Amino acid sequence: MYGKMHFPEKSFVGASDSNGIRLYRYPETTVSPLGLPIRHTVYHEALHAAGPGFLEDEGQDGVPRMVAYAPIRLEQNQPPYMLVFTGVPKSAILEASNHVLLRDFGIFLLAIALTLVSGWVMGGRSLGMRLESLADAADRVGSGDRSARVAEDSDIDEVATLARSFNSMAQALEHDRQERERTERKLHLEVRRRRMLLERSRDGIVLLGKNHRII
């Protein structure tokens with residue numbers, strides 16, 4: 001059934017027992033074989049969750065994913081006897097969100113163009129200049145310049161409201177970009193730190209799970 005739902009490439013569905021041992025995975029892979037523990041971070045989060053949830057995780061194959069999980073219980077007050085997971089690559093999710101962003105900008109620019117035409121037809125040169133400024137700023141944002149802003153001190157209430165809405169949207173996009181860059185920098189530093197630790201260590205390193213199994 002999962003295979004027929006056309007999920008993005010490198011998506012998966014799987015299940016583990018209450019000790020975090022992988023019981024099932026589709027599609028099967030040699031990187032995550034059955035009978036071995038799943039990633040401890042994912043296991044710990046799902047085991048102690050009251051119900052279904054989401055988390056971000058880089059799988060054992062090195063692919064960053066958004067993972068949905070659900071603890072399966074016989075009764076509400078009992079610990080789960082099985083954990084079910086499904087993951088989708090973050091790149092596929094971001095690609096979809098970018099398509100939505102471009103579509104919304106297209107609609108926004110179309111609305112600006114229609115309003116601009118009506119403004120010029122009715123002789124509203126001041127209105128037209130304001131809307132030209134908005135259209136130019138929208139084009140800059142669509143090209144990647146998240147710092148683009150427009151003046152909000154218009155005598156026309158509708159234009160001022162539109163300008164404020166545009167500035168709020170552009171500010172939110174800039175904040176999202178900065179937050180994503182900070183996250184990527186932290187991830188890069190953490191990966192680099194762990195790689196250096198493993199490469200330079202002269203000692204053996206053993207990772208133990210919560211149940212003292214060697215990971």
Side-chain angles (χ1 to χ4, degrees), residues 1-101 176-177 179-215:
M1 182 180 68
Y2 189 86
K4 294 180 179 180
M5 295 176 70
H6 305 293
F7 278 86
E9 186 179 1
K10 297 183 180 180
S11 299
F12 79 94
V13 61
S16 77
D17 64 12
S18 59
N19 294 318
I21 303 301
R22 185 177 289 105
L23 302 176
Y24 174 78
R25 190 187 195 279
Y26 179 88
E28 295 183 5
T29 172
T30 56
V31 179
S32 305
L34 305 183
L36 294 181
I38 64 174
R39 285 175 59 81
H40 179 71
T41 51
V42 178
Y43 165 69
H44 186 269
E45 178 100 5
L47 183 68
H48 296 90
F54 292 88
L55 57 84
E56 294 185 26
D57 180 68
E58 182 173 321
Q60 292 173 332
D61 55 1
V63 177
R65 292 184 176 91
M66 288 297 297
V67 178
Y69 59 82
I72 309 300
R73 296 177 170 87
L74 293 175
E75 306 228 351
Q76 186 65 30
N77 58 350
Q78 291 185 355
Y81 70 90
M82 181 180 289
L83 307 171
V84 179
F85 305 91
T86 182
V88 177
K90 285 181 62 178
S91 58
I93 298 175
L94 293 177
E95 182 181 5
S97 66
N98 288 336
H99 285 315
V100 173
L101 179 63
D176 180 67
R177 181 191 66 80
E179 189 65 29
R180 185 180 302 176
E181 288 181 352
R182 281 195 292 268
T183 302
E184 289 177 351
R185 284 196 298 269
K186 289 180 181 179
L187 177 61
H188 177 75
L189 291 174
E190 180 64 18
V191 170
R192 184 179 177 186
R193 183 182 71 83
R194 295 191 182 190
R195 182 179 294 119
M196 291 176 60
L197 177 65
L198 292 173
E199 290 176 350
R200 298 184 181 183
S201 174
R202 297 183 179 180
D203 299 320
I205 298 177
V206 177
L207 300 179
L208 298 178
K210 183 177 180 182
N211 55 357
H212 305 295
R213 285 181 179 268
I214 295 178
I215 297 175

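All of these numbers come straight from a predicted model, not from anything done at the bench. Only this structure's heavy atoms are used, side chains among them; waters, hydrogens and symmetry mates stay out.
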Results of side-chain contact (heavy atoms from CB on, under 4.5 Å) for [X] - residues two or more places apart only:
| X | value |
| --- | --- |
| Leu74 | Gln78, Tyr81 |
| Glu9 | none |
| Arg193 | Glu190 |
| Thr29 | Arg25, Val31, Ser32 |

Listed by chain and number, what are the salt bridge (charged side-chain N to carboxylate O under 4.0 Å, His left out) partners of [X], not counting sequence neighbours?
| X | answer |
| --- | --- |
| Lys90 | Glu56 |
| Glu184 | none |
| Arg192 | none |

Within a reach of under 6.0 Å around [atom1] of [X], are more than 12 heavy atoms found that belong to other residues, nucleotides or ligands?
| X | atom1 | result |
| --- | --- | --- |
| Gln76 | CD | no |
| Arg73 | CZ | yes |
| Glu58 | CD | yes |

Those residues that, when tested against [X], pass side chain to side chain donor-acceptor pair (under 3.5 Å) (two or more places apart):
| X | result |
| --- | --- |
| Arg39 | Asp57 |
| Thr86 | Tyr2 |
| Arg200 | none |

All ring pair (Phe, Tyr, Trp, His ring centres under 6.0 Å) counterparts of His188, not counting sequence neighbours: none

With the side chain counted from C-beta on, respond yes when [X] and [Y] share a heavy-atom pair under 4.5 Å apart, and no when they do not.
| X | Y | result |
| --- | --- | --- |
| Leu83 | Ser18 | no |
| Tyr24 | Val13 | yes |
| Pro89 | Ser11 | yes |
| Ile21 | Ser16 | no |

Could you go through residues 63-72 and list every donor-acceptor pair under 3.5 Å that involves a side-chain atom there, pairing it with any protein atom two or more places apart or in another chain?
residue: Arg65; atom: NE; partner: Lys10; partner atom: O; Å: 2.9
residue: Arg65; atom: NH1; partner: Asp61; partner atom: OD1; Å: 3.1
residue: Arg65; atom: NH1; partner: Asp61; partner atom: OD2; Å: 3.4
residue: Arg65; atom: NH2; partner: Lys10; partner atom: O; Å: 2.9
residue: Arg65; atom: NH2; partner: Asp61; partner atom: OD2; Å: 2.7

Asn19 backbone acceptor or donor facing Asp17 side chain under 3.5 Å: yes

Exam field: side chain His44 to backbone His40, donor-acceptor pair closer than 3.5 Å: no

Stepwise side-chain contact (heavy atoms from CB on, under 4.5 Å) test for Leu208 and Ile214: CA-CA 5 Å; Leu208 298 178; Ile214 295 178; 3.7 Å; yes

Would you give the length of the straight line joining atom [atom1] of [X] to atom [atom2] of [Y], rounded to the nearest 0.5 angstrom?
| X | Y | atom1 | atom2 | value |
| --- | --- | --- | --- | --- |
| Arg213 | Leu207 | CZ | CG | 15.5 Å |
| Tyr43 | Arg22 | OH | CZ | 13.5 Å |
| Ile215 | Gln60 | CD1 | CD | 9.0 Å |

From CA spacing to verdict: side-chain contact (heavy atoms from CB on, under 4.5 Å), Phe85, Ile38: CA-CA 11 Å; Phe85 305 91; Ile38 64 174; 3.6 Å; yes

